[in-house]
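Reviewing the structure listed below.
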Amino acid sequence: GGFTGRRNSLTLSQAYQNAPYYSMGVLGPIYGVGGNPTQAFGGGRTWTLTSTAGWGYQVTRTTHSTLHYSYKHYGYHATGSQAPFSNESQSMGLDLSKALSRRMNAVGTVQYSTTSPKESGPYPPIKEIFVDAGGSYTRPLSANKTLTLWARGGATRVQSTNSVTGVGY
């Protein structure tokens, strides 16, 4: 759902997915259970819950900005001896778009995200900073066909800690 005004827009969404998966141990049992061929077939469920919010603002006639936030909780539960696993990630970003002409646009994105496991264990949170910029060229080919060419480049910095020493890298 969302809201669109003259200069502002608000977008909210939420999604949930729950899907089965299956695995087969071709050369023997899986999940470390030895000597029992009935354990060669396994399965479980994966699930994902995603919530997003975005606020767009038309700064000028040719410049648009969007601030967005996303929360995601996902994991799986397998039959057999594997314990359930789940992760949580959050991200926040800012997009800027400027029309340079009728057919050309310049765009830029800055985003920060963090991902962490919900269970205690050796896996520390991962932090990521993402920056990119680029442009597009759009040309109408016919009444109902359009050609758009995009070029973008950027960089990502990933930060975590070593689970043994606790030293950042």
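We number each residue from 1, following the sequence as shown. We use all heavy atoms of the structure for the numbers below, so side chains are in, but hydrogens, waters and symmetry mates are not. None of these values were measured; they are calculated from a predicted model.
Cluster annotation: Leu67 and Leu12 are assigned to distinct hydrophobic clusters (Ile/Leu/Val/Met/Phe/Trp/Tyr, side-chain heavy-atom contacts under 4.5 Å, transitive). Tyr137 and Leu100 fall within the same hydrophobic cluster, where Ile, Leu, Val, Met, Phe, Trp and Tyr residues are linked whenever their side-chain heavy atoms come under 4.5 Å apart, directly or through other members. Linking ILVMFWY side-chain heavy atoms closer than 4.5 Å, directly or via other members, places Leu149 and Leu141 in a single hydrophobic cluster.
Looking at Tyr74 and Thr46, their side chains never come closer than 4.5 Å, going by heavy atoms from C-beta outward. The closest side-chain heavy-atom distance from Thr50 to Thr48 is below 4.5 Å. When side chains are defined from C-beta on, Gln111 does not count as touching Glu128, because their heavy atoms never get closer than 4.5 Å. You'll find the side chain of Ile126 reaches within 4.5 Å of the side chain of Val158, heavy atoms only.
Nearest heavy-atom pair, Thr114 versus Pro125, reported as atom, atom and distance to 0.1 Å: OG1-CB, 4.3 Å. Shortest non-hydrogen contact noted between Val59 and Ser65 is CG2-OG, 3.9 Å. Closest of all the heavy-atom pairs between Leu94 and His68 is N-NE2, 4.0 Å. The two residues Thr52 and Ser70 make their nearest non-hydrogen contact at CG2-OG, 3.7 Å. In terms of heavy-atom proximity, Tyr76 sits nearest to Trp47 at N-NE1, 3.9 Å. The two residues Pro20 and Arg45 come nearest to each other via the heavy atoms CB-NH1, 3.5 Å.
Applying the salt bridge (Lys or Arg N to Asp or Glu O under 4.0 Å) test to residues at least two apart or on different chains, none of the pairs has a partner in residues 92-108.
Without hydrogens or angle criteria, Arg139 side chain to Thr148 main chain gives no donor-acceptor distance under 3.5 Å. The main-chain N or O of Gln58 is found under 3.5 Å from a side-chain atom of Arg7 such that the two form a donor-acceptor pair.
For the atom pair OG (Ser89) and NZ (Lys72), the distance works out to 6.0 Å, reported to the nearest 0.5 Å. Separation of atoms CG (Leu10) and CH2 (Trp55) is listed at 10.0 Å; rounding is to 0.5 Å. Atom OG in Ser116 sits 5.0 Å away from atom CD in Glu88 (nearest 0.5 Å). With rounding to the nearest 0.5 Å, the separation of CG in Leu49 from NE2 in His73 is 8.0 Å.
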Would you please test Tyr69 and Gln90 for side chain to side chain donor-acceptor pair (under 3.5 Å) and show each step?
CA-CA 7 Å; Tyr69 171 80; Gln90 298 181 61; 2.6 Å; yes
